Amino acid sequence: MMNILMMTSAAPKTAPFSTDEKKPPLGLGFLMAMLKNAGHRVFFQDNYLRPSNVLDTDYLVKQQIDFVGIYSNTICYQSTLEYFRKMQKMREEGKWGGKIIVGGPHTSVGADTIPDYVDYVVIGEGEKSVLDIIEGKVQKRIVQGKKIQDMDSLPLPTWEEFIHLPYQWNDYRIDSCPIYNLNTSRGCPFSCIFCSVKAVWGKTYRYMSAKRVVNDIQHLQKYYGAKCINFREDHFTLNKKRTIEFCEILLRKNIRIAWMCETRVDQLDDFEYQNLMANAGCNLFYIGVESGSQRMLDFFKKGEKVEQFINAFDIAHKVGIKTHASFVVGAPPESEEDLKKTYQLIERIKPDYTSMNVYTGLPGSELYNYVKENGLYEFEDENHVLYLKGHNQRVDKFYGGALNRKIPGSLSQYFLVKEKTRNKYRRLFSKLRFG
Ligand code: B12
Ligand code: SF4
């Protein structure tokens, strides 16, 4: 039996993407369940939720930790690096003798950024590799994770590790709570050029059966009082047959649960289909519309037409499913005319919620390479994230000037730091005066 500490990495102070949403890391949940089922002792620290100082203490020694496994994504990679350094220092000083494993989306797009002293770097899916590593069956340092083909063979994620932690168990768009995330499919056959998800999961769509999904929901209802499920995955409804079966089981068994999912509009032109989902509890669709300009949609290789969005949103309004439309703004070669068309489409489809995302290049996508090769960026940060020319102006326009989303080190960020320092002194002075 081995003792294993699984951790996420802390969010940076400034990032071009929001780091406010705190949800259980289901990937680690699957890995921890596999390890527990194999008889190992598992410890968990979600530093993304609440940064901890375990690596500054004698925690690893006290708990006799044999392996530390870290979930890493590109935005949080600097904190991952800091953890590596601390553990390596402990090893060099002879204070701790365990091994370090790293996995998560960053390893799939940036394995070459990981220091040599990290013992194992798992690219892609980790379930099989993590067990093999811990059981001493792996000789190589860079491990290509085996794709799970039978998704029903996956264990339930370790909800018992998550349930008592202060995650966001509600959602501003839905009245029912608590709400739990599920991830029931992997891979995407589409080719959107701004998206790096394929680098992690590949193009083959694999999914849990409808029966398995319903079983997970019933488990969450029975043990954790689930009132709503958010299918946070790239495309919950891609397999229409599965979605229909899923809805039919919910209705047949009279399972009352609200749910929402991320989806595309390809098949949502079907009134009966959407109506079935609404009757089975579907409350909200989160749809990546990306642009109201067909020219931009074609450039993105979205494989969807403006008319399809109009049709799908019209039907959703009729059947009573709320909609959240997400748009990418500022990607090359977007013009004022394209942006105007986006606003016109928003007017036309009337989403209940709209998100405008200022395009920022994450490694691992076709558009990222295009931006890099054509020098279309103003700044490349330490994680190789690309900020396009005019990024800060777009942050002003679309994020109300949020300083922590601007280019690191820019003048505005200097003022952010100054503002923090000012607050610190303000607090100090108020203490001096009244303390
Ligand atoms: C749900 C979700 C969230 C949730 C939950 C995040 C989480 N940690 O699970 C929330 C809202 C919190 C979130 C926030 C963010 N997310 Co997010 N998110 C997703 C989404 C849609 C699904 C994640 C998921 O559940 N996957 C399923 C599980 C099974 O996969 P997994 O977590 O990757 O874990 C597997 C492997 O990576 C590996 N693995 C993971 N950790 C480890 C550790 C070890 C030791 C080993 C061996 C293996 C291993 O094994 C796991 C099982 O196979 C993905 C897209 C996607 N399809 O993956 C984006 C995604 C992960 N998010 C992304 C980003 C950018 C972010 C944010 C930085 C910004 C943002 N707001 O979007 C923050 C950072 C948060 C963080 N630290 O996790 C990017 C990451 C890209 C990158 N190169 O790093 C993705 C890939 C989407 C994209 N745009 O490309 N996200
Ligand atoms: S944006 Fe969605 S549909 Fe497009 S490639 Fe990425 S995961 Fe697939």
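One-based numbering, in listed order, for ligands and for the atoms of each. Since we're looking at a predicted model, the values are computed, not measured.
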Check whether the side chains of T263 and T237 place a donor and an acceptor atom closer than 3.5 Å, and report yes or no.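 Result is yes, a qualifying pair exists.
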So is [X] touching ligand 1 or not, going by heavy atoms under 4.0 Å?
X: T19; answer: no
X: R186; answer: yes
X: G124; answer: yes
X: V197; answer: yes

Would you confirm whether the ring centroid of [Y] sits within less than 6.0 angstrom of the ring centroid of [X]?
X: Y205; Y: Y207; answer: yes
X: F398; Y: Y359; answer: no
X: F236; Y: F246; answer: yes

Do ligand 1 and [X] have nitrogen or oxygen atoms that lie under 3.5 Å from each other?
X: T74; answer: yes
X: W201; answer: yes
X: S9; answer: no
X: C76; answer: no
X: S196; answer: yes
X: E233; answer: no
X: E127; answer: yes

Using a 4.0 Å cutoff against the non-hydrogen atoms of D234, which atoms of ligand 2 qualify? 7 (S)
Nearest heavy atom to [atom] wins, so pick from [options].
atom: atom 23 (C) of ligand 1; options: I70, V121, N183; result: N183
atom: atom 78 (O) of ligand 1; options: Y71, Y167, F30; result: Y71
atom: atom 44 (C) of ligand 1; options: P24, G103, S129; result: G103
atom: atom 57 (N) of ligand 1; options: I101, V200, D234; result: D234

Closer than 2.8 Å to atom 6 (Fe) of ligand 2: does that hold for any N, O or S atom in C195? yes
What protein heavy atom sits nearest atom 70 (C) of ligand 1, and how far off is it?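 For this ligand atom, the closest protein heavy atom is S18 O, 3.6 Å.
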Quick one: does atom 74 (C) of ligand 1 have a protein heavy atom under 4.0 Å from it? yes
Nearest protein heavy atom to atom 2 (Fe) of ligand 2: under 4.0 Å?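 So atom 2 (Fe) of ligand 2 lacks protein heavy-atom neighbours under 4.0 Å.
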Please state whether R264 comes within less than 4.0 angstrom of ligand 2, counting heavy atoms only.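 Judged by the 4.0 Å heavy-atom criterion, R264 does count as contacting ligand 2.
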Which atoms of ligand 1 are found less than 4.0 Å from any heavy atom of R232?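 The list of qualifying atoms is 1 (C), 2 (C), 3 (C), 11 (C), 22 (C).
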